[in-house]
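Structure first, then comments.
As the structure lists them, so they are numbered: ligands from 1, and atoms in each ligand from 1.
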Amino acid sequence: MTKLGFIGLGIMGGPMSAHLAAAGHAVRGYDVHADALAKLAAAGGTAATGIADAVADADVVITMLPNHPQVEEVVLGPEGVLASARPGTLLIDMSTIRPETSIEIARAAGDKGIRVLDAPVSGGQAGAEQASLSIMVGGEEEDVATARPLLEAVGSTIVHVGPHGAGQVVKAANQLVVGGIYGLVAEAIVLMEASGVDAKTGLDVLAGGLAANRILDLKRESMVAREFRPGFRIDLHHKDMGIALAAARQADVSLPLTGLVAQLVAAGRSMGYGALDHSALLKVTEQLSGRSEAQE
Ligand code: NAD
């Protein structure tokens, strides 16, 4: 049994912390939303009164927060994890943030004798609920070994991909590929519909050939039916495209397709689709051609 502090009990952190409690760990969780705390208590964890209360006695701290400003506040803030946790504690940040911030946090934590891993996830809300997340881990080998039994309670694929920040780089690569595929599936739908071809039938053929991919498998029906309930929101994908471009700048490389996809995702947000699933890139693509569902 591990004494665990868990901060950020939202769409992902809620079910993840519940799985860890169900696996027999003593989970002390904190979130700024009271209903998230109540859910953790109902799932067998303990609601903490603040960050310090969640982490002071912990062996391992997990953070699952929206973006780098929240991670910086929770980890580096005056009453944050580094100020409150004991030396020797392992901090696993599972949020999707800039690799740069993960590296800065590892450096600041090292000064306090606190070990750190960046361990962002792929698999979405369903993956969190089913404990089947893919987890890409950056950091030291021995810390990954310590974390592995805990990560196995929330994920089915756990891969150590390199040093601090490498987990975030792999996650950025994942998000740029996912965004690009959504953009291209959207273009395929618009082309077929504008040409008077049944898009559902066309995509069924694509899904059996070289163009086959998981997004076609999971999303082609809902996209053709214009069902855009999230899922993974455009707003979060916008954040992740920004992370991919920032990582590209940091690595001194040019990623032209990523830049283009980032602009399409940004357009989706500007058009008011931020709260829709990222498959709503289809709405952006349609509007670029002056088309809307009404014209089908
Ligand atoms: P969310 O907004 O549902 O959850 C984040 C939680 O953090 C919220 O409950 C919020 O109240 C809490 N929080 C924010 N600031 C806080 C603070 N200062 N102190 C304590 N709690 C605080 O977001 P989510 O969907 O769970 O995503 C979390 C991370 O996982 C993000 O980085 C996201 O990109 C990543 N992610 C999400 C998905 C997905 O499908 N939702 C998939 C993969 C990765």
(request) May I ask you to identify the nearest protein heavy atom to atom 15 (N) of ligand 1, giving residue, atom name and distance to one decimal place in Å? (result) Q70 CG, 3.8 Å
(request) Determine, stepwise, if the pair Q168 / I243 fulfils side chain to side chain contact (heavy atoms under 4.5 Å, CB included). (result) CA-CA 9 Å; Q168 299 295 355; I243 292 171; 5.8 Å; no
(request) Show your reasoning for whether side chain to side chain contact (heavy atoms under 4.5 Å, CB included) applies to E193 and R291. (result) CA-CA 10 Å; E193 289 180 351; R291 294 177 62 82; 4.0 Å; yes
(request) Pick one of side chain, backbone, both or neither for how D31 approaches ligand 1, counting any non-hydrogen atom pair under 4.0 Å. (result) both
(request) May I ask whether S122 has any heavy atom positioned less than 4.0 angstrom from an atom of ligand 1? (result) no
(message) If hydrophobic residues (ILVMFWY) are linked whenever their side-chain heavy atoms come closer than 4.5 Å, directly or via other members, who joins V170 in its cluster?
(response) M136, V159, V161
(request) Could you verify whether a donor N or O on one side chain and an acceptor N or O on the other, from D240 and T96, lie under 3.5 Å apart? (result) no
(request) Please confirm whether T96 comes within less than 3.5 Å of ligand 1 when only nitrogen or oxygen atoms on both sides are compared. (result) yes
(request) Would you confirm whether R86, through its side chain, and A58, through its main-chain N or O, come within 3.5 Å as a donor-acceptor pair? (result) yes
(request) For atom 20 (C) of ligand 1, find the nearest protein heavy atom and state the residue, atom name and distance (0.1 Å precision). (result) V32 N, 3.7 Å
(message) Please check whether I11 reaches ligand 1 - meaning an N/O of the residue sits under 3.5 Å from an N/O of the ligand, judged on distance alone.
(response) yes
(request) Quick one: look up the protein heavy atom nearest atom 28 (C) of ligand 1 and list residue, atom name and how far away it is. (result) L65 O, 3.7 Å
(message) Quick check on R233 - does any of its heavy atoms sit under 4.0 Å from an atom of ligand 1?
(response) no
(message) Pairs of nitrogen or oxygen atoms closer than 3.5 Å, one from L9 and one from ligand 1: do any exist?
(response) no
(request) Work out whether the distance between some heavy atom of K239 and some atom of ligand 1 is less than 4.0 Å. (result) yes
(message) Quiz question for you: does at least one protein heavy atom lie closer than 4.0 Å to atom 23 (O) of ligand 1?
(response) no
(request) Please answer whether the main-chain N or O of R233 pairs with a side-chain N or O of D277 as donor and acceptor at a distance below 3.5 Å. (result) no
(request) Indicate yes or no: does an N/O atom of M12 lie under 3.5 Å from an N/O atom of ligand 1? (result) yes
(message) If I compare all heavy atoms of L133 with all of G124, which pair ends up nearest, and what's the gap?
(response) CD2-O, 3.7 Å
(message) I need the contact type for K171 against ligand 1. Using non-hydrogen atoms and a strict under-4.0 Å cut-off, is it side chain, backbone, both or neither?
(response) side chain
(message) Check this for me - ligand 1, H33, N or O atoms closer than 3.5 angstrom, yes or no?
(response) yes
(request) For atom 2 (O) of ligand 1, grab the closest protein heavy atom and report residue, atom and distance to one decimal in Å. (result) P66 CG, 4.2 Å
(request) Report the part of E73 in contact with ligand 1, treating N, CA, C, O as backbone and CB onward as side chain, heavy atoms under 4.0 Å; options are side chain, backbone, both, neither. (result) side chain
